[in-house]
Amino acid sequence: MAPDDRRAAIVAATLPLVLRHGYAVTTRQIAQAAGIAEGTIFRVFPDKESVVQAVVADAFDPAPTLRDLAAVDRALPLRERLTAAVTVLQRRLTDVFGLLNALGWTGPPHREGRAAGPAPPGRANPTEINERFRAAVVDLVGPDACRLRVPAAELAHVLRLLVFSGTHPLIADGRQLSAEQIVTVLLDGLSAPLPARPDPEDHPC
């Protein structure tokens with residue numbers, strides 16, 4: 001197996017172990033999960049810490065999520081497109097939140113004293129990543145932007161805020177929002193529709 005393929009296989013096998021054991025995961029466990037000899041790990045990584053760092057970097061890599069957003073069928077109605085996009089974003093955040101929790105971190109690597117400072121060459125910084133996600137949602141809205149009361153970029157910003165807060169287990173107080181709920185709040189709000197000719201005596205409030 002080529003080194004890059006071996007590396008990817010080791011990272012994929014390590015992720016579930018890190019979610020279960022955190023930093024207590026051992027290279028023996030990793031080797032067993034990957035179906036390789038323990039020494040093979042050290043032909044690709046210098047130590048266990050490097051394996052865990054690779055797992056974290058893989059989880060934070062925006063490329064797979066951006067590809068999934070780009071793959072959403074543009075022929076779908078706007079509501080369905082946005083629901084598909086929220087599902088993609090929630091899947092990413094659920095994985096990231098689970099990993100951070102398993103490692104005992106309260107935020108991304110750069111806030112935990114790891115990978116601090118400027119992003120390494122070829123790796124986007126958080127601001128750039130956020131902008132790429134906003135641009136992906138704007139592209140998803142497409143010509144339906146004319147139906148919005150705000151610019152598509154503003155909708156993309158609010159959508160990401162709702163997805164983050166509605167998916168985070170602590171912020172959501174254990175009552176995470178579904179993709180459908182998030183899109184309903186985004187497009188419809190939470191007010192009950194008023195009758196065509198409201199009667200003050202029938203007002204529910």
Side-chain angles (χ1 to χ4, degrees), residues 1-72 84-137 160 163-172 174 176 179:
M1 183 180 291
D4 286 347
D5 293 336
R6 177 68 72 192
R7 181 186 184 282
I10 292 172
V11 168
T14 303
L15 174 58
L17 296 174
V18 173
L19 291 174
R20 188 178 309 123
H21 304 291
Y23 269 113
V25 63
T26 67
T27 52
R28 177 177 294 183
Q29 290 172 321
I30 294 171
Q32 290 176 343
I36 58 177
E38 190 172 358
T40 303
I41 296 173
F42 302 108
R43 297 176 188 170
V44 185
F45 296 95
D47 50 35
K48 186 188 78 172
E49 174 71 17
S50 298
V51 181
V52 175
Q53 288 180 355
V55 169
V56 173
D58 194 64
F60 276 86
D61 181 7
T65 302
L66 290 169
R67 285 195 297 269
D68 289 342
L69 290 175
V72 173
V86 170
T87 299
V88 168
L89 293 172
Q90 285 190 302
R91 183 167 59 240
R92 168 186 168 83
L93 286 178
T94 297
D95 291 344
V96 166
F97 292 151
L99 185 58
L100 294 179
N101 182 64
L103 293 171
W105 295 359
T106 57
H110 68 278
R111 285 173 48 190
E112 298 295 330
R114 298 170 176 84
R123 184 181 301 175
N125 61 45
T127 300
E128 181 182 342
I129 291 173
N130 290 340
E131 181 53 40
R132 288 166 66 182
F133 278 119
R134 277 192 290 269
V137 175
R160 292 187 64 250
V163 170
F164 184 90
S165 59
T167 306
H168 196 291
L170 296 181
I171 296 176
Q176 289 94 327

Grab the two heavy atoms, one from [X] and one from [Y], that are nearest each other, plus how far apart they are.
{"X": "V11", "Y": "A54", "value": "CG2-CB, 3.8 Å"}
{"X": "V44", "Y": "P3", "value": "CG1-O, 4.3 Å"}
{"X": "A172", "Y": "G166", "value": "CB-O, 4.0 Å"}
{"X": "S165", "Y": "I171", "value": "O-CG2, 3.6 Å"}
{"X": "R132", "Y": "P62", "value": "NH1-CG, 4.3 Å"}
{"X": "Q29", "Y": "L17", "value": "O-CD1, 3.5 Å"}

Worksheet item: Looking at R91 and D68, does any basic side-chain N land under 4.0 Å from a carboxylate oxygen?
Response: yes
Worksheet item: So F164 and F97, would you call those rings parallel, tilted or perpendicular, with 30° and 60° as cut-offs?
Response: perpendicular
pair [X]-[Y]: side-chain heavy atoms closer than 4.5 Å:
{"X": "L93", "Y": "H168", "answer": "no"}
{"X": "T27", "Y": "F45", "answer": "no"}
{"X": "L19", "Y": "L15", "answer": "yes"}
{"X": "V51", "Y": "V25", "answer": "no"}

Can you tell me if [X] uses its side chain to pair, donor with acceptor, with the backbone of [Y] under 3.5 Å?
{"X": "R92", "Y": "F60", "value": "yes"}
{"X": "K48", "Y": "I30", "value": "no"}
{"X": "R20", "Y": "A102", "value": "no"}

Starting at [atom1] of [X], measure out to [atom2] of [Y] and round the result to the nearest 0.5 Å.
{"X": "Q176", "Y": "L170", "atom1": "CD", "atom2": "CG", "result": "9.0 Å"}
{"X": "T65", "Y": "F133", "atom1": "OG1", "atom2": "CZ", "result": "5.0 Å"}
{"X": "L69", "Y": "T87", "atom1": "CG", "atom2": "OG1", "result": "10.5 Å"}
{"X": "I41", "Y": "I10", "atom1": "CD1", "atom2": "CD1", "result": "5.5 Å"}

Worksheet item: Looking just at side-chain N and O atoms, do N130 and T127 make a donor-acceptor pair shorter than 3.5 Å?
Response: no
Discussion item. Within a 6.0 Å radius of atom CG on D5, are there more than 12 heavy atoms belonging to other residues, nucleotides or ligands?
Written reply: yes
